[in-house]
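Below is one structure, written out as C-alpha cells; the observations come after it.
Residue numbering restarts at 1 for every chain, and letters A, B, ... go by the order of the sequence lines.
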Amino acid sequence: MAFPHRPDAPELPDFSMLKRLARDQLIYLLEQLPGKKDLFIEADLMSPLDRIANVSILKQHEVDKLYKVENKPALSSNEQLCFLVRPRIKNMRYVAGLVNADKLAGRTRKYKVIFSPQKFHACEMVLEEEGVYGDVSCDEWAFSLLPLDVDLLSMELPEFFRDYFLEGDQRWINTAVQALHLLSTLYGPFPNCYGIGRCTKMSYELWRKLEEEEDGETKGRRPEIGHLFLLDRDVDFVTALCSQVVYEGLVDDTFRIKCGSVDFGPEVTSSDRSLKVLLNAEDKVFNEIRNEHFSNVFGFLSQKARNLQAQYDRRRGMDIKQMKNFVSQELKGLKQEHRLLSVHIGACESIMKKKTKQDFQELIKTEHALLEGFNIRESTSYIEEHIDRQVSPIESLRLMCLLSLTENGLIPKDYRSLKTQYLQSYGPEHLLTFSNLRRAGLLTEQAPGDTLTAVESKVSKLVTDKAAGKITDAFSSLAKRSNFRAISKKLNLIPRVDGEYDLKVPRDMAYVFSGAYVPLSCRLIEQVLERRSWQGLDEVVRLLNCSELAFTDMTKEDKASSESLRLILVVFLGGCTFSEISALRFLGREKGYRFIFLTTAVTNSARLMEAMSEVKA
Amino acid sequence: MDCYTANWNPLGDSAFYRKYELYSMDWDLKEELRDCLVAAAPYGGPIALLRNPWRKEKAASIRPVLEIYSASGLPLASLLWKSGPVVSLGWSAEEELLCVQEDGVVLVYGLHGDFRRHFSMGNEVLQNRVLDARIFHTEFGSGVAILTGAHRFTLSANVGDLKLRRMPEVPGLQSAPSCWTTLCQDRVAHILLAVGPDLYLLDHAACSAVTPPGLAPGVSSFLQMAVSFTYRHLALFTDTGYIWMGTASLKEKLCEFNCNIRAPPKQMVWCSRPRSKERAVVVAWERRLMVVGDAPESIQFVLDEDSYLVPELDGVRIFSCSTHEFLHEVPVASEEIFKIASMAPGALLLEAQKEYEKESQKADEYLREIQELGHLTQAVQQCIEAAGHEHQPDMQKSLLRAASFGKCFLDRFPPDSFVRMCQDLRVLNAIRDYHIGIPLTYSQYKQLTIQVLLDRLVLRRLYPLAIQICEYLRLPEVQGVSRILAHWACYKVQQKDVSDEDVARAINQKLGDTPGVSYSDIAARAYGCGRTELAIKLLEYEPRSGEQVPLLLKMKRSKLALSKAIESGDTDLVFTVLLHLKNELNRGDFFMTLRNQPMALSLYRQFCKHQELETLKDLYNQDDNHQELGSFHIRASYAAEERIEGRVAALQMAADAFYKAKNEFAAKATEDQMRLLRLQRRLEDELGGHFVDLSLHDTVTTLVLGGHSKRAEQLARDFRIPDKRLWWLKLTALADLEDWEELEKFSKSKKSPIGYLPFVEICMKQHNKYEAKKYASRVGPEQKVKALLLVGDVAQAADVAIEHRNEAELTLVLSHCTGTADAATADRIQRARAQAQKK
C-alpha cells in the first residue's frame, strides 16, 4: 500500500522559503507601525495567516489584541489599529465606518490597512469616497503563495474562480503572474512551458513580459523545475464536479479541508470536543492513505492498528534496559501514531456512515452513467427525484451541471422542467443561479439545429485577431460547448474494463473515480508531457474550444538537468481538486516524475457550485 | 627632453608650478573681457559672457548680447538680452546658466541658450535691489547668495529645491562690505564678510565677529578673499599687500606672504592639488599674475592681456582673448620622473626604455639598477600615474611605453591599472579635442565620474561621441548607450521642422528595442513640446502597455488609453482610466465606450455591484441587456426591499424585463413568484406563522404539517406542482408528523405515481417497521426485493429473488446475509444459483 516513489524520482524543491519570505515581509509591515497595535484580520485570511505567523510571533511585534473583521463595531481601545484584509470593497467600508465613527467621537488614532496579496485602485477609491483616505495608510503584503504541503502551493484565492470564470473580472490575473514570477526568481526559469485556456494564455503572456522586463534576474540560473503546465478550470469542469472517492478528496467533500487542516467534529473524535488536524505529508498515517481509493482505506487502517498493537506488545518480553529504550525512543512515536490512527479511523467511520447508504451508491451509479453516456433518461429522472425530494440544493445543481456538460447541454424540455422543479424546491432567487451557470457554460440548453456552430466559427475567426481576442464574455457563453463525449472518446477517458477494476492495484488514473473515468485535466497533462507539445492533439484542443489558446513554449538552453526535467509544476487557474492531485501523484509514480501543484485554491464540486449560487443575504 | 622642465617654476624648496596652454582661443570677442560679466563653469565647463552695459552710468541703447562658448572658444549660443539688468552670472552644477537680475529674479538658461525657467529671490531682494550676487556649489547642488542694497544677505543653498534664507543683520553695517564670500561648513552655508578691519561670519542664526589667528597688524581693510575649491581653506588680501592663508574655519594659519602691492587684485583664487601639502594662492592684477605660498619668494607671470581665472579642483585655468592656459602644481609622479637629475625608479625606467629604443645596451644597465633596488613595480606605477597627468599625447605615449616596457620584466603585475589608464587617456584626449572643448585633467575626470561626463556630453548634444565612449568602455547598455539614445531621442522630438512620421521612424530605427529605453519618456517629451501626434506614434513603440497609459490620459486620449490598459492586463490601470473617462465623458458616451470593451465593462460592473447599484441598472438599460436587468430586479426584490408591495413591484419590473429579453421561462417563473408572495402574505394573515420567503415546496410542506391539507392541495393545483413531487412531499411531511393513519389514507387515495418503495424507505427512516411492512407488500415486483430487504425480511427477499431468477437481485440479497441467522437463506440462494447455472 501507499506506493513508494521510484528510486529515481527527483527531490522536491524546498518551498518553506516561501513561508519565511511571507513572514519576514509581514513582520516588516507590522514594524512600520511602531508601538502597540490591535490587529483586525479578515476571516478568510485567518487560517493562511496562522500557517505563516502564529499569535506569539504577532505578539512579539507588538500586536496587542486580535479581532476578526466582521459586521460589528469594534471595541478596540488601542491607539493604533491595523487591518489585514483582502482587497474587497466590503472591507473598505468596514474600515471607513470605523474611522468615521472615531471622527464623530472626536477620537484620533492611527490606522493602517495591509492588503493581501495586493491593493486595488477600487479599494483606495472607496476609502476616498468615504472621506478617510488621508487618515489611513495603505500597504501591501505580497503573500500570494502558501505551501500547504511539500508539493502543494495554494494562492488561497477561492474567489478567483467566480471573479474570472463568471464575472469576467481579470483582477486576480496579476496576482497569479506575480506568483509565477516569484517562483521563477526563487527556483530558476522553466525551460518547457505548456498551457491551455484563455486565462492561462493571458497570465502566461503577462508573466513572460514581466520576465523580459526584469531580464537578468533569472538569466543564467539553473532551472530547478523542468516543466510548467498551466490549465484553466473551465477546460475541465467535469472532473471537478464528480464525487470524490479518494480518501483526501472524500475528507474534503465531507468535512471541508480548510487551508490544509480540517476540523473533525465530535462524531469523529468520539468525545465532546472537536479536533483540528493538520493534513499533510508529515502525518505519517494520512500520508499513506491520502491517495487511496476509499474502499482500501479501512482495511489498511485496521492492518496498521494491528501492527501498532504488535509493537506495543513487544514490551511484554522486555527486560528493564530494553524497556527503558522503548519508553525513551519508540513510545512517543507509537503514541503519536496511535493518536493519528484513531483520528483517521474515526473519520472513516463517519464517512462510512454517510456514504455507504443506498443513496450514495445510487448517486455514484448515476454519475458513472452520465460520464459513460448511457441511460440518460433514467439519470434525468433520478436528478428530478433528487430535486423533488430536496435532498441537497448543491448536489442537485451539481448533477444538473454534470448532465449538461456531458450531454453538451440539456434538451430544452428537460432544461425547463428541471429548472422549474428546482425553483419550486429552493426558491425563485435561483433564477439568478441558473443565469450564472449558463454564463459560465456549466448548465446550458442545447441549441436547436446547427446555428451555434456558425456563430462559433465566426467567433473563433475573430479570436485569431489579437484585438478581437478581448471580446471574451460576450460570446463565450455561446461558444462554450463541452463536446465531452467526443473528447472522452478521443482521449479514452472511460477505461474499458474486463471484469472488476482492481482498486487495490490501480493501473491508471481512473482509480480516483473507482475505475470509471480518467480525469480529463490529468489526461491532458499526461498526453502533453508525453509528446512534449500539443502536437497531435489538435482535434482535442479544437473540441475543447481552445484552438487559439493552447501553447507550447520551449527554450533551447540545455542547462536543465535530467533530474529537473522530471519535476513538473502544474498550475490550476480557478482551483483543483484533491482527486486530480491524487491522480497526478499516481501518474508521477508510474513515470518517475514528481508533480508540484499550484492552485488558486483547492476546490471541490460543492465549492464550485456555491460560487455560482445566489443566496439570500 | 632637457627642455621639458622649462615651464616648471619652483615655489619654495619642494614644489613646482607649471603653466601650459590648453587651447589657443580664436573666439572672435567683440568686447574686452573686462567690460563683460564673465562666468566659467568648473570642470572645463562652458564660458558665458554678457557685456555689461549697466555698469556705465548712461547705458547704451543697444541691447547686450549673451554669448556662451565652450572652453575652447567655440560658440555655443548667442542671444540678445531682453530682460532686466544683470548683476551676476554663474553656472550651476548641472551646467545651467543662472543670471541674477537686479530685481532678484534669477533666469535659468541651458547650455545652448535655451530658456529653462526663472525664480525670484524674494520680496525683500526685489525692494532693495541686488548689490552683488554669487553662485556657489555645495554637496546639495548649486546655491545663490545675494547681497541687497540694504546690506543684507539672502541665500538659497540649492536652486533645484528653492528655500530662501535671510541671513541675520550685521550690527552697525552702514556701507557695503569691502569683500565677502560664501563658506560651506558642516553642510551649512555661511557668509564671511569684511567691513573695514573686521570680519563677520553669518550663519542662519547669528552674526559673529571673527579674527583670523596670526594676522599681521596694521590691517585697515580686506580687499579680497578666496575660498578653496573644497571650502577647506581661506585666503585674505589686505590693503597692506599682505596675504593671510589659513583654514576656512579661521582656527589655524597656514602661512602668510607680503607682496607689497597695495592695489586691489582683480581676482584671487586657490591653486592646490587634492592630497598635496602645498598651499598656494594665485593672485591676478591687471597685468601681473602671482603664485604665492609658504615660501619667501613668489612665482610671477606677466599677463599680456586681459585674463580671467577659473579655479579648478587641482589648479587654475586662465583664459584671455587669445589663449586658454592651465596652471597647477606639478604632480608628485611627474616631478619624480622629470626633475633634473632624478634617480627615481620611474625616471630610470623612462630612460631605460629610451635607450632600448635606440638599441643601446644602456637600457640593460638602467633596468638592472632599478631591479637591484627592487623598485620595478614602483617604477611602472609611477610611469602610469605620470602619464595620466600629461596633457600632450606624445608625452603620455612615451610614459606608457616605458610602463609597458617595465611590465615585461615583472612576473605578476596586475594589468588593470595600465589598461584603465590607457582607456581613460583615450577618453580624455577625445574630449579635450578642440571641437569638444572639455579640458578635464585626470584628477578632475576621476572626481567627476564617467557618468557625469556622459551627461555633459549629452548636454552638449555630442551623442555620437558619448555613445562611442560607452561602447569603448563597455558600459552596460542601460547606463550607457540606451541612456544616451534616449536623450538623443528627447532632443530629436524637439526638431519642429521634421515631420512626425520621420521623427518617429528615425527614433525607432536608432533605438530599436534597446533595453532600458523608455519610449514613454520620449513621448512625454514630445507631448511637452506640443507634438501630441508624435507622442502617440512614439508610444506605439513602447512595449509595456502599462507605461503608455498615464501619458495617453494626460494627452486626453482616454479611449486609446483604455484599450492600452486592457492590453496590459493590469486591472488597476483599467480602473484608473475608467474613472478618468467617467469624469471626462457624459454618461451616455461613457457607457458606449464601456460597451465596446467587455473586460472594462465587467470590471466596472463588479465595482458598481458593490458601490453604485443604480449605475449598474443604468448600464444594463443602456445596453438593452434585459436579461441582466431582470436579474438585477430579482436581486433587488429580496436584497433591497422589505415590504411585500415593493418586492412585488420589483418582481414585476423583472418580469417585464425578462419578457423583453424573450426569456419566457424566467418571466413566467417571476410571475409565479409574485403570485406566491401575495399568497404567502395572505396565508400569514389568515393562518399565522411564517410563510413569506419559503419556496413553493416548503410552503406546501408547511401547510401539510400545519394540517391544512385542503389548502395544500389547492396550492399544488394552482401552481401546477407535479404529482410526483406532491406525493414525495406529502409522504415526507406525514411521516415527519408520524400521522400513520393519514399516510395510509393518502397511499390509498389513488395509485402512487412514485411507487410504494419510497413509502417503505420513509417509514424505515422513521424507524417504523410495522408501517413499512404494510407498504412493502404493495411494492411492484421490480423493487420488491429492495423493499423486503429494507424492512429486514431477508428470507422473503430471497424467495422473491429466487422466483425472479435475477442474478443481480440474488447478489444483493446475499450481500445482506450476515450472521448465523441468515445462514440458511444464504445457503438457499447459493443452491438456486447453482441450479440456474446448470440450466
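Using a 4.5 Å cut-off between heavy atoms, A/R93 touches chain B through its side chain atoms alone. For chain B, the nearby part of A/Y426 is the backbone; its heavy atoms alone come within less than 4.5 Å. Contacts of B/F658 with chain A are made by side-chain atoms alone, with heavy-atom separations under 4.5 Å and no backbone atom involved. Of the two parts of B/I754, neither the backbone nor the side chain holds a non-hydrogen atom closer than 4.5 Å to a non-hydrogen atom of chain A. Only the backbone of B/R720 has a heavy atom closer than 4.5 Å to any heavy atom of chain A. Looking at A/K419, the atoms closer than 4.5 Å to chain B (heavy atoms on both sides) sit in the backbone and in the side chain alike. Looking at B/T699, there are no atoms closer than 4.5 Å to chain A (heavy atoms on both sides), in backbone or side chain. Contact of B/K609 with chain A is made through the side chain alone, with heavy-atom distances under 4.5 Å.
Once rounded to the nearest 0.5 Å, the distance linking OG1 of A/T420 with CG of B/L696 reads 11.0 Å. With values rounded to the nearest 0.5 angstrom, A/E124 atom CD is found 9.0 Å from B/T576 atom OG1. Note that the CD atom of B/Q673 and the CG atom of A/L423 stand 9.0 Å from one another [nearest 0.5 Å]. Distance check: B/E761 CD to A/R389 CZ gives 5.5 Å after rounding to the nearest 0.5 Å. Within the model, atoms CZ of A/R171 and CG of B/D570 stand 13.0 Å from one another, a figure rounded to the nearest 0.5 Å. Atom CZ in A/F434 sits 13.0 Å away from atom OG in B/S631 (nearest 0.5 Å).
With B/D572 contributing its side chain and A/H121 its backbone, the two residues share a donor-acceptor pair below 3.5 Å. B/S695 places a side-chain N or O within 3.5 Å of a backbone atom of A/S425 that can act as its donor or acceptor partner.
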Set out, in order, the CA-CA distance, both residues' side-chain angles and the distance that settles side chain to side chain contact (heavy atoms under 4.5 Å, CB included) for B/E612 and A/E129, then state yes or no.
CA-CA 12 Å; B/E612 291 178 18; A/E129 277 180 3; 4.2 Å; yes
Please lay out, stage by stage, how B/E664 and A/R416 fare under the test salt bridge (Lys or Arg N to Asp or Glu O under 4.0 Å).
CA-CA 11 Å; B/E664 304 251 338; A/R416 272 156 186 272; over 6 Å; no
Would you please test A/E385 and B/K724 for side chain to side chain contact (heavy atoms under 4.5 Å, CB included) and show each step?
CA-CA 8 Å; A/E385 192 184 303; B/K724 277 191 187 174; over 6 Å; no
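The environment of NZ in A/K365 is sparse: at most 12 heavy-atom neighbours from other residues, nucleotides or ligands sit within 6.0 Å. Within a 6.0 Å radius of CZ in B/F665, more than 12 heavy atoms belonging to other residues, nucleotides or ligands are found.
Counting all heavy atoms, side chain and backbone alike, A/Q424 lies closest to B/F719 at NE2-O, 3.6 Å. Nearest approach of A/E167 to B/Q606, heavy atoms of both residues: CD-OE1, 3.4 Å. Taking all atoms of both residues into account, the shortest heavy-atom contact from A/Q170 to B/T571 is C-CG2, 3.4 Å.
Looking at B/D698 and A/Q390, their side chains do bring a donor and an acceptor atom within 3.5 Å of each other.
Residues B/H697 and A/D388 fail the side-chain proximity criterion, which asks for heavy atoms closer than 4.5 Å.
In terms of heavy-atom pairs under 4.5 angstrom with chain B, the leader among A/L206, A/V177, A/I173 is A/L206.
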